[in-house]
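Following: one structure in structure tokens, then a few remarks.
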Amino acid sequence: MTLQTTLQSIYDLPLSNAIRENANAFPVLESLHVLAITLVFGTILIVDLRLVGYAAHRRSANRLITELLPFTWGAFVVAIITGSLLFASNAVAYAANTEFRLKLLAIVAAGINMAIFHATTQRTIAQWDETAAPPFAARAAGVLSLVLWTLVIFLGRWIGFTLDVLF
Amino acid sequence: MSIQTFGDWLYATPISTTFRETTWIIPTVQSVHILAIAVVVGSALVSELRLAGVLATDESPARVVRRYLPWIWSALVVLLASGTLLIVAEPARTLGNTVFWAKMALVLLAFLATLLLRRPLLRDDARPAAKTVAWLLLVVWSAVIFCGRFIAYT
């Protein structure tokens, strides 16, 4: 099965068809998607700024991360589910869209950045947890995360202007 | 002058035409608009969940509100500025749209609730906030986002 036939069979799914047929399905899914991404960005912004060195509502960076990350992850899961449904409704066109592809790349890059931070810099967090200026690696991870998630939002909005709508 | 004639006049202005015909302007301004509402949502989430007694209950409400209220004000200024540009670019899409006015009413409600019920919390002797208001404010901000997306479909 080639990629094109896979995409076509996703497009042909009864669920995809239902999203296309129901006038409210796409806007509702899209609104939930935007709400989820604002929660992802809004919560990660607070953590990233703390990593860069701006104070948050609590001093400990580690407690801030453990406190807010469940919200970021929860919202991210909602964004993935709603995003997948939006994708399914028009799979062939999304897969061919440059902005959509770049957006997926940016999300993967943000994930790798986060994984590296958790695996390396966060292990030494006890040494800088309560200091106002975190080490360079933490600040770099914070800046990179902010840049990548900003890019995700820009690319996501751009898809709406560049997609070849087939229905 | 009715809203309809104002919209028509605005549409015909050179600046409105430029915004519409320069392909990158509307998507860029909309992206900035979403980034700004994300800042509001993140700040409101942490503040309101603190006031609802869910998050960071070992920190004082005043400390949390003091941290995020300025972010909300700054982001609201960016939202107002970028939103105004979007109205100038496409007056009929917004000014002639019921959902747009519902959104404006909700934004005004959230703004007034934040101004009248959240700003006083900056004082250390402030009375505790009602938890229901905290949940309601989060619902109103979510409704603002829904209306914002639905403007494109009505």
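Every chain is numbered from 1, with letters handed out A, B, ... down the list of sequences.
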ask   = Quick one: are A:L68 and B:L55 in side-chain contact, heavy atoms under 4.5 Å?
value =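 Result yes, sub-4.5 Å side-chain heavy-atom pair found.
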
ask   = So, do B:W71 and A:L45 sit near enough that their side-chain heavy atoms are less than 4.5 Å apart?
value =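 Of all side-chain heavy-atom pairs linking A:L45 with B:W71, at least one is under 4.5 Å.
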
Option that, when pairs with chain B are counted at under 4.5 Å, heavy atom only, ranks first among A:L39, A:T150, A:I46, A:T43 =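 Heavy-atom pairs under 4.5 Å are most numerous for A:I46.
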
query = Do you know which of A:I37, A:V28, A:L155, A:I44 has the most heavy-atom pairs with chain B at a distance under 4.5 angstrom?
reply =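 Heavy-atom pairs under 4.5 Å are most numerous for A:V28.
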
When clusters are formed by joining ILVMFWY residues with side-chain heavy atoms under 4.5 Å apart, either directly or through shared neighbours, do [X] and [Y] land in the same one?
X: A:W149; Y: A:L105; result: no
X: A:V143; Y: A:M114; result: yes
X: A:I80; Y: A:L32; result: yes
X: A:L148; Y: A:F41; result: no
X: B:L80; Y: B:L69; result: no

task = Side chain from CB out, backbone as N, CA, C, O: work out which of these in B:V64 comes under 4.5 Å of a heavy atom of chain A, or both, or neither.
result =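 Both backbone and side chain.
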
task = Would you check, one step at a time, whether the test side-chain contact (heavy atoms from CB on, under 4.5 Å) holds for B:L49 with A:F71?
result = CA-CA 11 Å; B:L49 287 185; A:F71 290 94; 3.5 Å; yes

Heavy atoms under 4.5 Å from chain A: which residues of [range] carry them?
range: residues 132-154 of chain B; value: B:S142, B:I145, B:F146, B:R149, B:F150, B:Y153
range: residues 86-120 of chain B; value: none
range: residues 10-36 of chain B; value: B:W24, B:I26, B:P27, B:T28, B:Q30, B:S31, B:V32, B:I34, B:L35

key: Heavy-atom contact with chain B under 4.5 Å, split by part of A:F161   =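 Side chain of A:F161 only, per the 4.5 Å heavy-atom cut-off to chain B.
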
task = Side chain from CB out, backbone as N, CA, C, O: work out which of these in A:V40 comes under 4.5 Å of a heavy atom of chain B, or both, or neither.
result =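 Neither part; nothing is under 4.5 Å.
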
query = Rounded to the nearest 0.5 Å, what separation is found between the CZ atom of A:R63 and the CD atom of B:E59?
reply =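 It is 7.0 Å, given to the nearest 0.5 Å.
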
query = If you tally heavy-atom pairs under 4.5 Å against chain A, which of B:V40, B:D58, B:V39 wins?
reply =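 Top count of heavy-atom pairs under 4.5 Å with chain A: B:D58.
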
query = More than 12 foreign heavy atoms under 6.0 Å from CD of B:Q4: is that the case here?
reply =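 At most 12 heavy atoms, drawn from other residues, nucleotides or ligands, come within 6.0 Å of this atom.
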
inquiry  = For residues 47-58 of chain A, give me every residue with a non-hydrogen atom less than 4.5 Å from any non-hydrogen atom of chain B.
reply    =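 Under the 4.5 Å heavy-atom cut-off, A:L49, A:Y54, A:A55, A:A56, A:H57, A:R58 qualify.
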
